[in-house]
Engineer: 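Starting off with a structure, shown below.
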Amino acid sequence: MNPARQRRSTVYGRGPFYITNTEILNKLRMTNLTRTTLDRSSDMDITIDDIKFIRLVYQLAAESASLNYDPFAAILVQNNELKYKSLDVSVVKSNPTLHAEVNVIGEYCSNNKIFSLEGYTLYSSTEPCIMCSGAIHWSRISRVVYGVSQEKLKAVSKGNQKPTCKDLLFGSGRTQVIGPVLEEEGMEIFQRYPLIPKQERHKQIFLDQ
């Protein structure tokens, strides 16, 4: 692989199985599926309960930021009943994998000895990343409703372009992805609590002790 190309593009996997985020997006384009086809959600899929739970998860994300965590949160809902909630605890627990979505799935399943979350809806304050989309796939969650899109998040985080959750989960055929929902309300959180890179925040918390 051209070293210059590797520097410009995040690499997923190692050795002969590596793939860049640009290559992921190119592979998705090569399927000749239009955005209308890939986006299986519509305004008709959003319910009043979805609005209620998205606003709840926004409240939790703001609470997370006020506690010096990252401004992200996720909840699990079954039959319109809140089952579990989580903030993004990756920095405070020194575990880069503990995004809110991964943590809410892992803790809830472990605590309740559950392996499949069919029939559950995951609400996330921001669109799930590649890692979190993988956790959603393996836990067989039926619906995902998110607030702020990866595109809008990139505008404030200045990070790399990433595949969307809808693109990543489309092939499974079992998870409906809805979003963005009330995105402007979600973006207000990042205006109140500007994003600081996780590594920088981790150093501030632990190396300054």
Side-chain angles (χ1 to χ4, degrees), residues 35-36 38-92 98-105 107-108 117 120-133 135-136 141-170 175-198 200-201:
R35 169 54 56 192
T36 302
L38 284 170
D39 186 354
R40 299 186 298 148
S41 67
S42 69
D43 291 342
M44 296 298 292
D45 295 313
I46 301 172
T47 68
I48 292 181
D49 287 312
D50 290 334
I51 299 296
K52 176 182 71 175
F53 286 122
I54 275 292
R55 284 189 164 140
L56 171 60
V57 89
Y58 280 158
Q59 292 175 11
L60 292 171
E63 176 187 333
S64 181
S66 70
L67 294 172
N68 203 31
Y69 296 2
D70 284 309
F72 306 110
I75 61 175
L76 282 173
V77 171
Q78 183 187 42
N79 298 325
N80 292 325
E81 179 183 350
L82 175 63
K83 293 295 186 178
Y84 208 74
K85 60 185 179 181
S86 177
L87 311 181
D88 184 319
V89 295
S90 57
V91 171
V92 294
L98 292 184
H99 289 190
E101 299 94 327
V102 169
N103 200 51
V104 77
I105 292 169
E107 286 192 355
Y108 180 75
L117 294 178
Y120 286 75
T121 297
L122 183 145
Y123 292 87
S124 178
S125 57
T126 58
E127 183 176 2
C129 68
I130 296 172
M131 176 182 68
C132 295
S133 295
I136 290 164
I141 288 173
S142 296
R143 293 177 77 238
V144 173
V145 182
Y146 67 84
V148 176
S149 66
Q150 282 283 349
E151 182 180 4
K152 289 289 188 179
L153 179 62
K154 179 179 178 291
V156 295
S157 71
K158 310 304 180 185
N160 294 322
Q161 183 181 4
K162 299 178 179 65
T164 69
C165 178
K166 293 175 185 177
D167 288 347
L168 292 166
L169 291 175
F170 175 74
T175 303
Q176 182 185 32
V177 181
I178 299 171
V181 178
L182 302 180
E183 191 168 41
E184 290 185 3
E185 292 185 24
M187 289 299 293
E188 291 176 2
I189 298 171
F190 297 113
Q191 294 172 4
R192 281 184 284 158
Y193 303 99
L195 278 176
I196 300 174
K198 288 177 181 286
E200 182 178 332
R201 292 188 53 252

Engineer: To check you understand the geometry: which heavy-atom pair defines the closest contact between N103 and V89, and what is its length?
Structural biologist: ND2-CG2, 3.8 Å
Engineer: Please name the pair of heavy atoms, one in Y84 and one in E107, separated by the smallest distance, quoted to 0.1 Å.
Structural biologist: OH-OE1, 2.7 Å
Engineer: Using side-chain heavy atoms (C-beta onward) and a distance below 4.5 Å, is L56 in contact with L82?
Structural biologist: yes
Engineer: Is the shortest heavy-atom distance from the side chain of D88 to the side chain of K198 under 4.5 Å?
Structural biologist: yes
Engineer: Is D50 salt-bridged to R143, going by a charged N under 4.0 Å from an acidic O?
Structural biologist: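 Judged by the 4.0 Å cut-off on N to carboxylate O distance, D50 and R143 do form a salt bridge.
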Engineer: Show every salt bridge (charged side-chain N to carboxylate O under 4.0 Å, His left out) that has at least one partner inside residues 184-193, sequence neighbours left out.
Structural biologist: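 Every salt bridge (charged side-chain N to carboxylate O under 4.0 Å, His left out) pair that includes a residue of residues 184-193, provided the two are not neighbours, is R55-E185.
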Engineer: Using a 4.5 Å cut-off on heavy atoms from C-beta on, say whether the side chain of V77 contacts that of V145.
Structural biologist: no
Engineer: Starting at NZ of K162, measure out to OG of S133 and round the result to the nearest 0.5 Å.
Structural biologist: 11.5 Å
Engineer: Rounded to the nearest 0.5 Å, what's the gap from SG on C165 to CD1 on I136? Could you check?
Structural biologist: 5.0 Å
Engineer: Using side-chain hydrogen bond (donor to acceptor under 3.5 Å, both in side chains) as the criterion, point out the one residue from K154, K166, E183 that pairs with S149.
Structural biologist: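 Among K154, K166, E183, the one meeting side-chain hydrogen bond (donor to acceptor under 3.5 Å, both in side chains) with S149 is E183.
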Engineer: Could you measure the distance from the OH atom of Y69 to the CZ atom of R201? Nearest 0.5 Å is fine.
Structural biologist: 10.0 Å
Engineer: For Q150 and P128, work out which heavy atoms get closest and say how close.
Structural biologist: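 Reported closest heavy-atom pair: NE2-O, 3.6 Å.
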Engineer: Are any side-chain N or O atoms of S125 and backbone N or O atoms of A73, one a donor and one an acceptor, separated by less than 3.5 Å?
Structural biologist: yes
Engineer: Considering only heavy atoms from C-beta outward, does the side chain of P163 approach that of I130 to under 4.5 Å?
Structural biologist: yes
Engineer: Could you pull out all residues at least two apart from Y146 that satisfy ring pair (Phe, Tyr, Trp, His ring centres under 6.0 Å)?
Structural biologist: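 Ring pair (Phe, Tyr, Trp, His ring centres under 6.0 Å) check on Y146 returns nothing, list empty.
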Engineer: Enumerate, atom names and distances included, each donor-acceptor pair closer than 3.5 Å involving a side-chain atom of residues 59-67, sequence neighbours excluded.
Structural biologist:
residue: S64; atom: OG; partner: D70; partner atom: O; Å: 2.5
residue: S66; atom: OG; partner: E63; partner atom: O; Å: 2.6

Engineer: Contact between I46 and I51 at the side-chain level, heavy atoms closer than 4.5 Å - yes or no?
Structural biologist: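 In contact.
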Engineer: If you define the side chain from C-beta out and look only at heavy atoms, does anything of T121 sit under 4.5 Å from Q176?
Structural biologist: no
Engineer: Once rounded to the nearest 0.5 Å, what's the spacing between atom OG of S86 and atom CG of L98?
Structural biologist: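 These two atoms lie 8.0 Å from each other.
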Engineer: Less than 4.5 Å apart, any side-chain heavy atom of L117 and any of Y108?
Structural biologist: yes
Engineer: Please name the pair of heavy atoms, one in V57 and one in S124, separated by the smallest distance, quoted to 0.1 Å.
Structural biologist: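 Closest approach of V57 to S124: CG1-C, 3.9 Å.
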Engineer: Is the closest side-chain donor-acceptor distance between T47 and D49 under 3.5 Å?
Structural biologist: no
Engineer: How long is the gap from CD1 on I178 to CG on D45, to the nearest 0.5 Å?
Structural biologist: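 Result: 4.5 Å between the selected atoms.
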Engineer: Start with the C-alpha gap between V181 and Y123, add the side-chain angles, then the distance that decides, and say whether side chain to side chain contact (heavy atoms under 4.5 Å, CB included) holds.
Structural biologist: CA-CA 10 Å; V181 178; Y123 292 87; over 6 Å; no
Engineer: Can you name the closest pair of heavy atoms from P71 and Y193 and give their distance?
Structural biologist: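 Where P71 meets Y193 most closely, the heavy atoms are CG-O, 4.4 Å.
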Engineer: Are any of the side-chain heavy atoms of F72 and L195 separated by less than 4.5 Å?
Structural biologist: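 In short, these two side chains touch, coming nearer than 4.5 Å.
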Engineer: Minimum heavy-atom separation for L153 and F190, please, with both atom names.
Structural biologist: CD1-CZ, 3.8 Å
Engineer: Does any N or O in the side chain of E127 come within less than 3.5 Å of the main-chain N or O of G179, such that one atom is a donor and the other an acceptor?
Structural biologist: no
Engineer: Can you tell me how far the CG atom of L169 sits from the OG1 atom of T175, to the nearest 0.5 Å?
Structural biologist: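 If I round to the nearest 0.5 Å, the distance is 5.5 Å.
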